[in-house]
Enquirer: 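What follows is a structure written as structure tokens; I'll ask about it next.
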Amino acid sequence: MDEQRRRRYLEAMGIQVWEPRAGAQPGRKVTASETPRPAAEAPDAEAPVASLSWVELRARVAACTRCTLHQTRTQTVFGVGDPNARLMVIGEAPGADEDRAGEPFVGRAGQLLNAMLEAIGLAREQVYIANIVKCRPPGNRDPHADEAAACQPYLQRQIALLAPEVILAVGRVSAHNLLGTEEAVGRLRGRTHRFDPGDIPLIVTYHPAYLLRRPQDKAKAWQDLQAVYRLLHAESPEAG
């Protein structure tokens, strides 16, 4: 990404310009299409989630009735992005805009997330974005524990299929479910956690919707993005 464009996105975030270390260039995996298995190999509806391909998993999620959220959704919000992405962004739950579009992080919060990613040289299409739950909770409330538990196998399979090098947990609900903690986001950020299974480096940051309400915390979010950048570029941030 050219310098002028990067600076525009940083300005949109309302934070000070940060210069990456000279010579650091992000590596990229070869993008692969989400190719379904041959029909003869397609598992039945009772096949374990852990055995499903991308296409099969998407179909399973679309038909899911494991919790009551299916009763009020317009459609499921599976996830979007490069199925070979090095970075996986995991948010909380779909909102009204996402429920209508069938895609995570649209609207103002999505625009800010896009700007945050662009600031470290990543287009939205170069990462993979998903949520803790795949259906919108009524009234945009936080997902309940049983709802997150019902969706957990789907998210775990997405992580296993993607095998990301880094996970960015966006918001309190995401961080709590991924790390199994009740600690505040303000205390979880600033460290490199590990996600199991896979021992994947995980960075916690504020949700873009929160940053829209509290723009004074954008500088802290920028610190978190720098940590993601260092991990993707094989530098050595302090581990917590």
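Just so you know, these numbers use all the heavy atoms, side chains as well, and skip hydrogens, waters and symmetry mates.
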Enquirer: Minimum heavy-atom separation for Ala209 and Ala109, please, with both atom names.
Expert: N-CB, 4.0 Å

Enquirer: Any side-chain to backbone donor/acceptor pair from His144 onto Pro137? Under 3.5 Å, distance only.
Expert: no

Enquirer: Begin from the C-alpha positions of Glu183 and Arg191 and carry the test salt bridge (charged side-chain N to carboxylate O under 4.0 Å, His left out) through to its verdict.
Expert: CA-CA 13 Å; Glu183 198 169 356; Arg191 291 180 278 159; 3.5 Å; yes

Enquirer: How about Arg136 and Leu69: do any of their side-chain heavy atoms sit closer than 4.5 Å?
Expert: no

Enquirer: Which heavy atom in Leu113 sits nearest to a heavy atom in Pro208, and how many Å separate them?
Expert: CB-CG, 4.0 Å

Enquirer: Keeping the roles fixed (side chain from Arg124, backbone from Asn114), state whether a donor-acceptor pair exists under 3.5 Å.
Expert: no

Enquirer: Under a 3.5 Å threshold, yes or no: a donor from one side chain and an acceptor from the other, between Arg189 and Gln223?
Expert: yes

Enquirer: Any chance you could lay out the salt bridge (charged side-chain N to carboxylate O under 4.0 Å, His left out) test for Arg172 and Asp142, step after step, and finish with the verdict?
Expert: CA-CA 10 Å; Arg172 173 179 55 83; Asp142 289 343; 2.4 Å; yes

Enquirer: Taking C-beta and beyond as the side chain, do Leu112 and Met116 meet within less than 4.5 Å on heavy atoms?
Expert: yes

Enquirer: Do you reckon Tyr229 sits in the same ILVMFWY cluster as Val127, going by side-chain contacts under 4.5 Å, direct or chained?
Expert: yes

Enquirer: Keeping Ser174 on the side-chain end and Gly171 on the backbone end, is there a donor-acceptor pair under 3.5 Å?
Expert: no

Enquirer: Would you kindly confirm whether Val80 and Tyr128 end up in one hydrophobic cluster when ILVMFWY residues are joined by side chain heavy atoms under 4.5 Å apart?
Expert: yes

Enquirer: Report yes or no: does Asp217 contribute a side-chain atom to a donor-acceptor pair with the main-chain N or O of Lys220 at less than 3.5 Å?
Expert: no

Enquirer: Rounded to the nearest 0.5 Å, what separation is found between the OG1 atom of Thr205 and the CG atom of Asp224?
Expert: 3.5 Å

Enquirer: When rounded to the nearest 0.5 angstrom, what is the spacing between CZ in Arg100 and OG1 in Thr74?
Expert: 8.0 Å

Enquirer: Pick out which of Asn177, Leu155, Val173, Asn131 makes a side-chain contact (heavy atoms from CB on, under 4.5 Å) with Ile90.
Expert: Leu155

Enquirer: Is the shortest side-chain N to carboxylate O distance from Arg141 to Glu147 below 4.0 Å?
Expert: yes

Enquirer: Does atom CZ of Arg187 have more than 12 heavy-atom neighbours from other groups under 6.0 Å away?
Expert: no

Enquirer: Please report the shortest heavy-atom distance between Pro94 and Asn140, naming the atom on each side.
Expert: O-OD1, 4.5 Å

Enquirer: How long is the span from the CD1 atom in Ile167 to the CG atom in Leu87, to the nearest 0.5 Å?
Expert: 9.0 Å

Enquirer: Under a 4.5 Å cut-off applied to non-hydrogen side-chain atoms, are Glu98 and Glu103 in contact?
Expert: no

Enquirer: Report yes if some heavy atom in the side chain of Leu161 is under 4.5 Å from a heavy atom in the side chain of Leu52; otherwise report no.
Expert: no

Enquirer: Can you name the closest pair of heavy atoms from Gly186 and Tyr206 and give their distance?
Expert: CA-OH, 3.7 Å

Enquirer: Can Gln71 and Thr68 be counted as having a side-chain donor-acceptor contact under 3.5 angstrom?
Expert: no

Enquirer: Under a 4.5 Å cut-off applied to non-hydrogen side-chain atoms, are Leu188 and His193 in contact?
Expert: yes

Enquirer: When rounded to the nearest 0.5 angstrom, what distance separates CG in Asp196 from CG in Leu178?
Expert: 11.5 Å

Enquirer: Shared ILVMFWY cluster between Phe195 and Val133, side chains joined below 4.5 angstrom?
Expert: yes

Enquirer: Supply the atom-to-atom distance Arg157 CZ to Gln152 CD, rounded to the nearest 0.5 angstrom.
Expert: 15.0 Å

Enquirer: Relative to Phe78, does Arg60 satisfy both conditions: NZ or CZ under 6.0 angstrom from the six-membered ring centre, and within 45 degrees of the ring's axis?
Expert: no

Enquirer: Output, in order, the C-alpha distance, side-chain angles, deciding distance and verdict of side chain to side chain contact (heavy atoms under 4.5 Å, CB included) for Leu117 and Val89.
Expert: CA-CA 10 Å; Leu117 294 171; Val89 179; 4.3 Å; yes

Enquirer: Do Pro153 and Arg66 come close enough that some side-chain heavy atom pair is under 4.5 Å?
Expert: yes

Enquirer: According to a hydrophobic-cluster definition based on side-chain heavy atoms being under 4.5 Å apart (Ile, Leu, Val, Met, Phe, Trp, Tyr only), do Val106 and Val61 belong together?
Expert: no

Enquirer: Is there a side-chain contact between Ile159 and Met88, using heavy atoms and a 4.5 Å cut-off?
Expert: yes

Enquirer: Of all heavy-atom pairs between Thr181 and Ala175, which one has the smallest distance, and what is that distance?
Expert: CG2-O, 4.3 Å

Enquirer: Taking the side chain as every heavy atom from C-beta outward, state whether Leu202 and Val166 have any atom pair closer than 4.5 Å.
Expert: no

Enquirer: Verify the distance criterion only: is there a donor paired with an acceptor across the side chains of Lys134 and Gln158 at less than 3.5 Å?
Expert: yes

Enquirer: According to a hydrophobic-cluster definition based on side-chain heavy atoms being under 4.5 Å apart (Ile, Leu, Val, Met, Phe, Trp, Tyr only), do Ile129 and Ile120 belong together?
Expert: yes

Enquirer: Out of curiosity, Leu162 CG to Arg86 CZ, how far, rounded to the nearest 0.5 Å?
Expert: 11.5 Å

